[in-house]
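Remember, it's a predicted structure, so these values are computed and weren't measured experimentally. Just so it is clear, the values below take in all heavy atoms, side chains as well, and ignore hydrogens, waters and symmetry mates.
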Amino acid sequence: MNIQAAITAAWDKIGGLINSFIVMLPNIVLALIVFILFFFAARWLKLLVKRLTRRHRQARNLGMVLGRLAQGTVILLGLFVALSIVVPTFRAGDLVQLLGISGVAIGFAFRDILQNFLAGILILLTEPFKIEDQIVFKGFEGTVENIETRATTIRTYDGRRIVIPNSELFTNSVTVNTAFENRRLEYDVGIGYSDDIKEAKRLMLEAVHSVDEVLKDPAADVLVMELAESTVNIRVRWWIKPPRRADSLDARDKVLAAIKNKLTAHGIDLPFPTRQILFHDQTEETDGDRNRQREGWPAGNQEVPKSRSISDSLKRLAEIRASKNGDSSNQNLTADDGK
């Protein structure tokens, strides 16, 4: 009897739930339809805000922020309305109270997500870089594809996509190559020590000015930067517009080719690194005497010893040893005769 009573009670409870669901089914369908309408209205509002700000470049990022905030607000409002339809006793204050109680736990659990979200909002508002800008961040370089509230995606020059958390971009240094209309490029060219520096600088400027991509204003310049081991290094600097990666590579290719052809055509040397090595003959009698060493040390006021070949040095060493051995033999013979 107890089992039958338990089964009957369970069945009655299930039946009650089914009946309640059937009663609430129209409300659930209506709430779902309302939420879908709010969802599409939120997407339409986001597109509208982006369309209104698309014509103004400086307001694009602000339009993205406002569009996403408007979309989130409308979706949240639709959720409240849908819940009110399904559960007539539901009040928005109950949900706010629930969120307030669990806010601390949610903050700890989603700390990184919230940090990236806030950093994304600040990036979109402050606009340190924009979509289609070319940036350098740590070891990554490419074109900004999209700035989302969680991460920023860049397309590298070799066709890869890099996803960078917004908190990393906001708290670290980022180089924006396309922040300004003009960009300066530079390259060090080494000429020989016997070449005329003034003439080489004039020829370099002529070569740079012959390239159409180089701007006349600001003007290009050449500066002696270093007296290196084998060359006199002259730095060539020129400006280009626009400052994008493809344009900089194209301009660099033409400028360097023009400089090389111009200098070589006028007899200016472009030497490669050279190094002189002195081999010290350690078989010389003067080895160890810095005043008489020949390789790498000054002889002072004394005579500089002449260089010797290896064979002469070995021959001289053999003579010295033979002479010493002969002296030793004579001393032994003298000792024997004395006995």
Side-chain angles (χ1 to χ4, degrees), residues 133-143 156-159 173-281 290 293-300 304-310:
D133 272 339
Q134 293 183 345
I135 65 173
V136 180
F137 175 72
K138 294 184 178 179
F140 307 113
E141 182 175 358
T143 305
T156 61
Y157 303 128
D158 55 356
S173 300
V174 180
T175 302
V176 184
N177 290 331
T178 53
F180 304 101
E181 294 184 354
N182 301 339
R183 180 180 176 185
R184 191 184 71 185
L185 304 177
E186 60 183 34
Y187 191 84
D188 290 349
V189 179
I191 65 172
Y193 272 90
S194 60
D195 294 318
D196 187 354
I197 294 178
K198 180 181 286 188
E199 179 66 11
K201 292 170 69 175
R202 185 185 67 81
L203 294 173
M204 289 180 186
L205 283 177
E206 289 184 1
V208 172
H209 291 152
S210 66
V211 178
D212 296 334
E213 286 77 6
V214 176
L215 298 178
K216 301 300 185 291
D217 185 23
D221 59 359
V222 289
L223 303 169
V224 177
M225 296 301 296
E226 184 182 11
L227 299 178
E229 295 181 356
S230 306
T231 60
V232 177
N233 292 336
I234 301 177
R235 179 163 299 175
V236 186
R237 305 189 300 180
W238 68 95
W239 293 82
I240 62 170
K241 177 183 179 179
R244 306 192 72 81
R245 173 73 171 180
D247 302 297
S248 66
L249 290 177
D250 185 53
R252 182 185 293 268
D253 171 70
K254 294 181 180 180
V255 167
L256 295 185
I259 291 175
K260 191 268 180 185
N261 294 333
K262 194 79 170 180
L263 293 180
T264 55
H266 289 77
I268 302 296
D269 189 22
L270 299 175
F272 49 83
T274 58
R275 181 166 295 178
Q276 184 178 7
I277 300 177
L278 299 176
F279 293 96
H280 181 66
D281 186 359
R290 294 188 177 182
Q293 284 183 355
R294 180 177 181 275
E295 296 88 352
W297 293 95
V304 178
K306 297 180 181 180
S307 61
R308 298 183 183 139
S309 63
I310 298 296

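Residues Gly192 and Pro271 approach most closely at N-CD, 3.6 Å, considering heavy atoms. Between Phe272 and Ser230, the closest heavy-atom pair is O-CB, 4.0 Å. Smallest separation of non-hydrogen atoms from Gly190 and Thr231: CA-CB, 3.8 Å. Of all non-hydrogen atoms in Pro243 and Glu181, the two that sit nearest each other are CD-O, 3.1 Å. Nearest heavy-atom pair across Ser210 and Ala258 is OG-CB, 4.1 Å.
You'll find the side chain of Ile191 reaches within 4.5 Å of the side chain of Met204, heavy atoms only. The side-chain heavy atoms of Arg245 and Thr143, taken from C-beta on, include no pair separated by under 4.5 Å.
Sorted by first and then second residue, the salt bridge (Lys or Arg N to Asp or Glu O under 4.0 Å) pairs with a member in residues 247-259 read Glu213-Lys254, Asp250-Lys254; sequence neighbours excluded. Pairs of residues two or more places apart, or lying in two chains, that qualify as salt bridge (Lys or Arg N to Asp or Glu O under 4.0 Å) and include a residue from residues 184-197 are Arg184-Glu186, Glu186-Arg235, Asp188-Arg235.
Tested against Glu141, the residues Asn177, Thr175, Ile135 include a single side chain to side chain contact (heavy atoms under 4.5 Å, CB included) partner, Asn177.
Atom CD in Glu206 sits 10.5 Å away from atom CG in Leu263 (nearest 0.5 Å). Taken to the nearest 0.5 Å, the CG atom of Leu203 stands 12.0 Å off from the CG atom of Asn261. To the nearest 0.5 Å, the span separating CG on Leu205 from CG on Asp221 amounts to 7.5 Å. Interatomic distance, Thr178 OG1 to Asp133 CG, rounded to the nearest 0.5 Å: 3.5 Å. Summarising the geometry, atom CG belonging to Leu227 is positioned 4.5 Å from atom OH belonging to Tyr193; distances are rounded to the nearest 0.5 Å. Atom CG of Leu185 sits about 9.5 Å away from atom CG of Leu256, to the nearest 0.5 Å.
By the neighbour-count criterion of 12 heavy atoms within 6.0 Å, atom NZ of Lys198 is sparsely surrounded, having that number or fewer from other residues, nucleotides or ligands. Annotation: Tyr187, atom OH; neighbour count of heavy atoms from other residues, nucleotides and ligands within 6.0 Å does not exceed 12.
Partners of Asp158 under the salt bridge (Lys or Arg N to Asp or Glu O under 4.0 Å) rule, at least two apart in sequence or in another chain, are Arg160.
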message = Assess the residue pair Trp238 and Leu215 against the criterion (side-chain contact (heavy atoms from CB on, under 4.5 Å)); give the C-alpha distance rounded to whole Å, side-chain angles, the decisive distance to 0.1 Å, and a yes or no.
response = CA-CA 7 Å; Trp238 68 95; Leu215 298 178; over 6 Å; no
task = Begin from the C-alpha positions of Ser194 and Asp269 and carry the test side-chain contact (heavy atoms from CB on, under 4.5 Å) through to its verdict.
result = CA-CA 9 Å; Ser194 60; Asp269 189 22; 5.9 Å; no
